[in-house]
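Scroll down for the structure; my scribbles are underneath it.
Nothing here was measured: the structure is a model prediction, and the numbers come from that model. Chain identifiers are assigned alphabetically (A, B, ...) following the order of the sequence lines, protein sequences preceding nucleic acid strands; residue numbering begins at 1 within each chain.
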2 protein chains.
Amino acid sequence: MQHSENTILPSLEQLEMLRLFTEQLVKPNDEEWAEFTSCMYLKHIPKKGFFLRAGEVCTSVGFITRGAMRFYHEKDGNEYSGNFSFENNFVTDYDSFLTRKPSLYSFSALEPTDIIVFHYDDVQSLYNRSKLWERFGRLIAEHIFIEVQRRKNSLVFDSPEKQYLSLIKDRPKILERIPQHMIATYLGITPVHLSRIRRKVAGK
Amino acid sequence: MQHSENTILPSLEQLEMLRLFTEQLVKPNDEEWAEFTSCMYLKHIPKKGFFLRAGEVCTSVGFITRGAMRFYHEKDGNEYSGNFSFENNFVTDYDSFLTRKPSLYSFSALEPTDIIVFHYDDVQSLYNRSKLWERFGRLIAEHIFIEVQRRKNSLVFDSPEKQYLSLIKDRPKILERIPQHMIATYLGITPVHLSRIRRKVAGK
DNA sequence: ACATAACGATAACATTTGTTATGAAATGAA
DNA sequence: TTCATTTCATAACAAATGTTATCGTTATGT
């Protein structure tokens with residue numbers, strides 16, 4: 001009864017979203033897919049609700065089928081955004097999940113959000129039982145590594161203006177669905193500075 | 001004859017370094033270890049020599065047994081450091097290695113450096129043949145993900161002064177073996193600014 | 001040993017970015 | 001609707017950081 005609050009199962013539509021995502025990386029047969037689905041739980045997070053709060057250990061990985069989440073760090077009463085996730089992406093503090101140490105960050109919903117949740121023990125069990133899911137785990141880790149590596153290099157090598165222009169091109173959902181002051185702290189700058197950049201960029 | 005320039009085999013001492021590193025993650029039996037060692041090549045890079053140049057695809061992963069490497073990005077005739085690696089660590093543009101696209105970065109040796117090299121096809125073949133090496137690949141990807149994720153969050157959430165203090169505590173080798181102007185660009189600041197931070201920190 | 005280059009501290013000044021405050025428009029709740 | 005809240009732009013000023021140059025020291029190569 002460990003996961004009693006999450007024992008609602010995902011809908012066929014939600015399952016299909018995850019299946020399409022998964023098949024970009026591996027091709028599970030029916031048995032393997034059954035193993036996978038057998039450890040899913042559905043979780044709904046209302047707007048302003050939390051997936052994880054700073055200080056807690058992140059014990060699960062979530063696949064977002066609807067909504068938007070951000071993770072942020074609190075310092076001196078201010079919130080600094082680390083990243084944003086939307087439908088068809090994962091939400092987790094994978095560092096905390098893997099190391100089983102308390103997270104430094106909170107994850108909250110910016111919109112009503114539906115998540116398919118996998119718990120730590122079930123994930124490890126999939127890895128142990130199956131070469132296919134072991135490979136899936138590797139490919140996922142490689143993908144998120146590439147993503148965060150590019151983001152890190154952009155922070156060091158690119159000006160905030162260039163980062164903002166990249167955001168417009170590569171992640172338009174952020175511009176459309178996230179308030180500007182949150183985007184500013186995501187870029188490591190103040191809302192005032194971002195507003196100045198926008199004015200400068202608009203005049204071109 | 002594909003790797004003809006690298007067909008020197010590693011010494012017993014170098015093999016032992018890699019074995020110790022590997023066994024922190026997986027426990028290969030003799031047969032598995034033999035598979036692993038059968039695709040190693042030794043490469044020596046003299047000081048100021050290159051492991052990879054911007055524009056080339058990174059076709060290998062290297063384990064450093066001696067020396068120091070940095071990767072950097074060139075812009076407007078200046079060099080901006082991305083990271084540094086020393087003995088008992090890997091050197092690679094894993095993004096370029098995995099995606100098979102040209103690297104944006106160059107990797108050069110700051111000291112005479114010895115590397116045990118694994119080529120792309122051999123690595124993929126290990127993953128296909130063996131569940132143990134597939135797992136090793138996952139664990140490596142998870143580790144470097146955590147590393148770069150923490151670095152990225154530090155860039156967004158911490159002041160340069162705090163990052164410098166963390167460097168002293170967590171990566172003293174960088175302070176001891178890397179020139180200050182390279183450390184500065186690694187922190188995303190100018191050498192002058194880093195010098196000012198050092199003076200401020202010293203006066204405490 | 002010598003000449004040269006690389007390194008690091010510092011100063012003076014320029015530029016960028018942050019801080020605080022204000023107001024107007026958009027959004028959300030009762 | 002009405003009222004409060006959030007969001008964003010902007011201005012004035014302060015603080016942080018970058019730029020350029022100089023100087024003495026320390027490595028490096030021949």
Handout entry: Aromatic centroids of B:Y105 and A:F157 separated by under 6.0 Å
Key = yes

Practice task
Report the distance from atom CD1 of A:I197 to atom C1' of C:dT17, rounded to the nearest whole Å.
Solution key: 10 Å

Exercise for the section: Using only side-chain N and O atoms of B:Q180, determine if any of them is under 4.0 Å from OP1 or OP2 of C:dA6. Expected result: no

Handout entry: side-chain N/O B:R196 vs C:dT10 OP1/OP2, d < 4.0 Å
Key = no

Fill in the blank from the handout: Of the listed D:dA21, C:dC7, D:dT17, the closest approach to the B:P160 side chain comes from D:dT17

Practice task
Would you classify B:K48 as touching base, sugar-phosphate or nothing, given that sugar-phosphate means primed atoms plus P, OP1 and OP2, and contacts are heavy atoms under 4.0 Å?
Solution key: nothing

Practice task
Assert yes or no for the condition that the ring centre distance of A:Y80 to A:Y72 is strictly below 6.0 Å.
Solution key: no

Exercise for the section: Could you check whether the rings of A:W33 and A:W133 sit parallel, tilted or perpendicular, using 30° and 60° as the cut-offs? Expected result: tilted

Handout entry: Close aromatic pair by centroid cut-off 6.0 Å: B:F63 and B:F118
Key = no

Exercise for the section: Take the protein atom OH of B:Y164 and the nucleotide atom P of D:dA16, then report the distance between them rounded to whole Å. Expected result: 19 Å

Practice task
Give the rounded distance in Å between these two atoms: CG of A:L194 and P of C:dG18.
Solution key: 10 Å

Completion exercise
Testing D:dT19, D:dA9, C:dT20 for proximity to the side chain of A:V192, the answer is C:dT20

Fill in the blank from the handout: Here the distance between atom P of C:dT17 and atom CD of A:Q163, to the nearest Å, is 11 Å

Handout entry: Closest nucleotide among D:dT19, C:dG18, C:dG28 to the A:H193 side chain
Key = C:dG18

Completion exercise
Per the under-4.0 Å heavy-atom filter, residues of residues 66-81 of chain A near DNA chain C come out as none

Exercise for the section: Measure from CG on B:L187 to C1' on D:dT17 and round the result to the nearest Å. Expected result: 14 Å

Problem - Option among B:K200, B:R196, B:H193, B:R198 that satisfies the side-chain hydrogen bond (donor to acceptor under 3.5 Å, both in side chains) test with B:E161 - result: B:K200

Handout entry: Check: A:F145 ring centre within less than 6.0 Å of A:Y94 ring centre
Key = no

Handout entry: For atom CD1 of A:I178 and atom P of D:dT7, their distance in whole Å
Key = 11 Å

Exercise for the section: Report yes if at least one side-chain N or O of B:R199 is closer than 4.0 Å to OP1 or OP2 of C:dA9; otherwise report no. Expected result: no

Exercise for the section: Give the ring-plane orientation class for A:Y186 versus A:F84, where under 30° counts as parallel, over 60° as perpendicular and anything between as tilted. Expected result: tilted

Handout entry: Under 4.0 angstrom between A:H181 side-chain N/O and D:dC8 OP1 or OP2
Key = yes

Handout entry: For atom CG of A:L110 and atom P of D:dT7, their distance in whole Å
Key = 10 Å

Exercise for the section: Using whole Å, report how far CD1 of B:I183 lies from C1' of C:dA9. Expected result: 15 Å

